[in-house]
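Here is the structure we will look at.
Chain naming here is simple, since letters A, B, ... match the order of the sequence lines and numbering starts at 1 in each.
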Amino acid sequence: MMHEENELRRDPEIAAALRMIEIDPPVADVDWDALRSSIVARAELPLAQRRKRSAQLSRWTRPLIPLAAAASIALAAWVNGEIGPAPRSGSVVADNADLVAPGITPEDVFQADVSEQEFRLIVSGRANTDALLQLAVQDES
Amino acid sequence: MIGTDAAALPSQLRVAGQQERVVAEVTDEELVVRLRNGNVAAYDQIVSRHMRSAFSVAYRLLGQREDAEDLVQDAFMVALEKIDTFKEGNRFAPWFFRILVNRGLNARKARSLRQTDALPADISTREPTPHLEAERSQLRERLDAAVAVLPERQRAIVKLFELEGFTSPEIAEMLELSDGTVRWHLHQARQTLRQALAPFARRNP
């Protein structure tokens, strides 16, 4: 509303005076199709260059998309592994319940009398799990 | 005022080289996105939309049909060259008309260095009215002189406002001036022209 009130009005007297000395643009004399064609024709080369640049860009970026996605997933997995909460023994039991003999708790396994070397093998995942479980069971009995 | 040319609409409903489809709803800004990737149809569309009003403005600035056509072509080419500088979220038309008007003013300045600005050729042949011809000719002379002494920008502003129907904020956007400055220029130009008209107004109350 304020804007409309403040809007300047045209001055008919000035407009009429200007029209006396100014000819209206001869829009009827212009061949619009020719003008448009001429403008578009002049733009063909720069437009073709833009298309080429755009195609090159997409050719380079297309293989980067899956790579970037894979890198993101790897980074996310690594970051979770590094700073995520340490798994509690209970959750390990739940995940590996089928590997543990019935009646044997993880505490039993960890408290089993194993040598330093065997312990390292367990932690690194290279130990013979069956043999270790057997050892733990024997120790319990 | 700045926007799609109503007269150009029918021809813009079809996009060259593509399946027929209505594109009148596609905004200039959407066309600019395609144009950046070198889409010819998008450029064609933008040219169709704005060339008529661009020609009118160019003609007001230069007063010659051929010069105006050249200026329109030149402005569209420059717009294409600079399209990457067009900021998303802005409107295309004021950005384009800024290029047109600035180049028009420069062309006019360059021309005035080369020669005294010639009056449009057919003024003298327009609607001869023998009864008032002497007085009108005198009036035209005074008005011509008054318009000629206006600074370039003031002249452009008064023509764009009074004859082309642009609003003061639109002109401000085109010329990268504040609305207040445009209004001030308009006021000054009107005063100059009124002074030129004053003797005739007294003679013909």
[options]: which one forms the most heavy-atom pairs within less than 4.5 Å of chain B?
options                            : answer
A/Leu35, A/Asp29, A/Asp11          : A/Asp11
A/Ala15, A/Pro12, A/Ala43, A/Ala48 : A/Ala43
A/Ala17, A/Pro46, A/Ala55          : A/Ala17

Exercise for the section: Between chain A and each of B/Leu80, B/Leu139, B/Leu193, count heavy-atom pairs under 4.5 Å; write down the option with the most. Expected result: B/Leu80

Handout entry: Best-contacting candidate, B/Phe161, B/Tyr43, B/Phe76, against chain A by heavy atom pairs under 4.5 angstrom
Key = B/Phe161

Exercise for the section: Please list, chain by chain and in numerical order, all residues satisfying side-chain contact (heavy atoms from CB on, under 4.5 Å) with A/Lys52, sequence neighbours excluded. Expected result: A/Gln56

Exercise for the section: Determine whether more than 12 heavy atoms belonging to other residues, nucleotides or ligands lie under 6.0 Å from atom CD of B/Glu88. Expected result: no

Problem - salt bridge (Lys or Arg N to Asp or Glu O under 4.0 Å) between B/Glu152 and B/Arg108, worked out - result: CA-CA 8 Å; B/Glu152 287 289 347; B/Arg108 204 184 151 93; 3.1 Å; yes

Between [X] and chain A, which part of the residue has a heavy atom less than 4.5 Å away: side chain, backbone, both or neither?
X        : value
B/Val158 : both
B/Leu186 : side chain
B/Val40  : both

Practice task
Fit a plane to each ring of B/His50 and B/Phe96, take the angle between them on a 0 to 90° scale, and name the class: parallel (under 30°), tilted (30 to 60°) or perpendicular (over 60°).
Solution key: tilted

Handout entry: Salt bridge present between B/Glu164 and B/Lys159 (N-O < 4.0 angstrom)
Key = no

Problem - Pairing residues for A/Arg10 by the side-chain hydrogen bond (donor to acceptor under 3.5 Å, both in side chains) criterion, not counting sequence neighbours - result: none

